[in-house]
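Contents: one structure, followed by commentary.
Position 1 is the first residue of the sequence; numbering continues from there. These values consider heavy atoms only, across backbone and side chains, with no hydrogens, waters or symmetry-generated copies.
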Amino acid sequence: MASFSTPQGYTRTDAASTPRTRTGLSAEGARAKSAPEDPLVEALLQQELSLDDWATYEVEDDASLQRSASARSTSSEPTGNDLTIDVDLAEGEGAIVLIEKDEEYTWVLNPDLTSTPKKRTRGTTDATRSTVQFRVPIEGPGTRSGARGRGGFLPKRLVSFVFKFAARVTAKYAMKVMERHIQPGLVVLSPQRLAKDPPDALFDAEQWTALPNPASLTLPKGRAPKVLLFVHGTFSSTAGSFGALGQTTWGRAVLTEAAKNYDLILGFDHKTMSEDPMDNALLLERGLRSIAWDPKRPAVFDAVAFSRGGLVLRSLIERVLPGTTLPLSFKSGILVGATNGGTYLAEPDNWKTFVDFYTNLVQGAAKFLSFIGVAAGPTGILAGLVRALGSFVKYLAIVAVEERAIPGLAAMEPGGEFVTMLNRDNDGQPTPRELAYYAITSDFEYRSSTTRKSGLSE
């Protein structure tokens with residue numbers, strides 16, 4: 001288990017509690033099992049991360065917190081009162097820390113100190129172990145406490161989660177290895193035209209299933225099939241980006257009408273880090289090619305793409321399909337928050353900000369789901385939203401800055417090679433008369449308690 005310091009002005013509220021033990025669980029395992037319920041943490045545990053330990057702190061009282069804040073505000077140097085976490089690691093293990101400060105999340109991905117590895121003999125096996133120390137600045141949002149330190153407000157409540165993972169991987173293959181749990185391919189939301197209101201399965205993202213045999217799909221006879229395609233965004237999946245549609249009245253109305261008006265509703269799951277959008281588009285084309293289309297009656301597609309999915313969809317329509325003989329065409333594409341011009345969050349210097357931003361975005365989604373009465377557990381929508389997030393934070397923790405190379409993010413750099421190529425005209429791509437694009441755009445600047453002037457906009 002990890003060793004935590006207690007910052008001045010705070011009380012560790014979980015220290016006195018005794019973890020409930022279960023048969024077959026070690027002390028560390030029992031400790032992890034007693035952690036507070038957090039849907040985000042539960043979802044991350046599905047991504048080859050293990051919860052090693054955790055700690056919760058609350059302010060003793062406003063007066064003590066104010067004294068701590070005053071001491072910080074009069075010192076230009078660190079006071080040594082930040083939260084420190086010492087983690088014991090076996091050979092080949094890595095560790096990362098997720099911090100919650102008054103419901104705002106941030107990742108601590110790199111330790112400040114690492115001890116000299118020592119060999120410990122256990123039975124007949126020598127195990128090399130080391131200790132790493134994470135130092136967490138206490139300043140955070142904490143506006144309710146009213147106590148201000150050198151760097152900002154001091155939070156009233158802190159929760160720290162320590163995760164461990166296998167770190168035996170080289171930089172060159174790190175992202176591919178860490179995304180190996182993602183199974184790309186077509187996903188079926190509604191397999192055929194429905195004459196009546198769709199069953200509840202259409203509204204339940206956990207029942208949207210992979211399509212192992214596309215040739216088995218039933219298509220209409222004697223006319224061109226109408227198909228609706230969903231393409232998800234960064235870190236996510238079809239269920240993650242679009243599953244919430246089935247949880248609201250208006251979203252169910254959209255899915256109901258779609259099931260009535262389309263013969264087939266498909267999603268496309270793909271890797272968003274280790275592959276660029278063109279790689280994804282080529283895989284999507286292969287999946288579509290495996291469906292038994294009638295060459296005399298080409299299928300007519302409409303599509304909805306979210307975030308980075310817009311680049312995948314456009315790569316398919318504008319670059320891949322013009323060079324094929326697939327009997328299908330796209331009539332319209334709805335691009336929701338698509339990164340058509342790139343995003344500064346995709347630049348390597350901003351990856352840490354990106355991962356913090358996305359983590360808080362997911363946590364907001366979990367709160368929304370809870371508010372409307374949907375259990376935000378480790379499966380379904382929330383798990384889909386963070387499907388590649390665990391891989392990304394592990395990558396940032398083990399790969400040196402100068403070695404980092406992620407094709408999926410490089411494709412979204414503003415002015416980068418990929419978006420420049422995609423935004424040039426291409427011979428054979430559909431004309432505005434043949435294909436209509438519709439855009440739902442966003443204009444925001446990401447700010448947090450730790451990044452008050454980020455200069456990052458989407």
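Residues Phe354 and Phe235 have side chains in contact (heavy-atom distance under 4.5 Å, counting atoms from C-beta outward). Between Leu266 and Leu189 there is no side-chain heavy-atom pair separated by less than 4.5 Å.
Atom CG of residue Leu44 and atom CD of residue Glu42 lie 10.5 Å apart, to the nearest 0.5 angstrom. Note that CZ of Phe161 is 6.5 Å distant from CD of Glu100, once rounded to the nearest 0.5 Å. One distance of note links CG of Leu51 with CG of Leu98; it measures 10.0 Å at 0.5 Å rounding. Rounded to the nearest 0.5 Å, atoms CG (Asp14) and OG1 (Thr56) are 4.5 Å apart. Atoms CG and OG1, from Leu83 and Thr6 in turn, are 8.0 Å apart once rounded to the nearest 0.5 Å.
Using modelled atom types, no side-chain atom of Arg135 and backbone atom of Asp82 make a donor-acceptor pair closer than 3.5 Å. In terms of modelled atom types and a separation under 3.5 Å, the side chain of Ser5 and the main chain of Thr84 share a donor-acceptor contact. No donor-acceptor pair closer than 3.5 Å links the side chain of His270 to the backbone N or O of Leu283. Counting only distance, with no hydrogens or angles, the side chain of Asp38 and the backbone of Val41 share a donor-acceptor pair below 3.5 Å. Put simply, the side chain of Thr420 never gets that close to the backbone of Glu417: no donor and acceptor are under 3.5 Å apart. Under the 3.5 Å distance criterion, the side-chain polar atoms of Trp351 are matched with a main-chain donor or acceptor of Ala346.
Checked against side-chain hydrogen bond (donor to acceptor under 3.5 Å, both in side chains), Thr359 has the following partners two or more places apart in sequence or in another chain: Trp107.
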Practice task
Please report the C-alpha distance between Glu48 and Arg180 in whole Å, then the side-chain angles of each, then the deciding distance to 0.1 Å, and finally whether the salt bridge (Lys or Arg N to Asp or Glu O under 4.0 Å) criterion is met.
Solution key: CA-CA 11 Å; Glu48 298 180 352; Arg180 66 182 182 272; 3.1 Å; yes

Exercise for the section: Please test Asp356 against Thr106 for side-chain hydrogen bond (donor to acceptor under 3.5 Å, both in side chains), starting from the C-alpha separation and ending with a verdict. Expected result: CA-CA 5 Å; Asp356 285 346; Thr106 186; 2.9 Å; yes

Handout entry: Candidate pair Phe357 and Tyr105, rule ring-ring contact (aromatic ring centres under 6.0 Å, His included), full reasoning
Key = CA-CA 9 Å; Phe357 160 67; Tyr105 287 76; over 10 Å; no

Handout entry: Candidate pair Phe268 and Phe230, rule ring-ring contact (aromatic ring centres under 6.0 Å, His included), full reasoning
Key = CA-CA 6 Å; Phe268 174 57; Phe230 289 104; over 10 Å; no

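With no hydrogens or angles considered, no side-chain donor-acceptor pair links Gln133 and Asp112 at under 3.5 Å. Defined by atom type and a distance below 3.5 Å, a donor-acceptor pair is present between the side-chain atoms of Ser332 and Asp302. Looking at Thr234 and Thr272, their side chains never bring a donor and an acceptor atom within 3.5 Å of each other. Side chains of Ser237 and Asp269: no donor on one and acceptor on the other come within 3.5 Å.
The pair Glu285-Arg319 does not meet the salt-bridge criterion, since no charged nitrogen lies less than 4.0 angstrom from a carboxylate oxygen. Between Glu58 and Arg12, none of the side-chain N atoms (NZ, or NE/NH1/NH2) sits under 4.0 Å from a carboxylate O, so this pair counts as no salt bridge.
In this structure, Phe203 and Gln247 approach most closely via the heavy-atom pair O-NE2, 3.3 Å. Pro348 approaches Glu413 most closely through the heavy-atom pair CD-OE2, 3.8 Å. Leu89 and Ala95 get closest at one heavy-atom pair: CD2-CB, 3.8 Å.
Screening residues 274-284 for side-chain hydrogen bond (donor to acceptor under 3.5 Å, both in side chains) gives Glu179-Ser274, Glu275-Asn280, Asn280-Arg308 as the qualifying pairs, with residues at least two apart or on separate chains.
Taking the six-membered ring for Trp and thresholds of 30 and 60 degrees, Phe306 and Phe242 have ring planes more than 60 degrees apart, a perpendicular arrangement.
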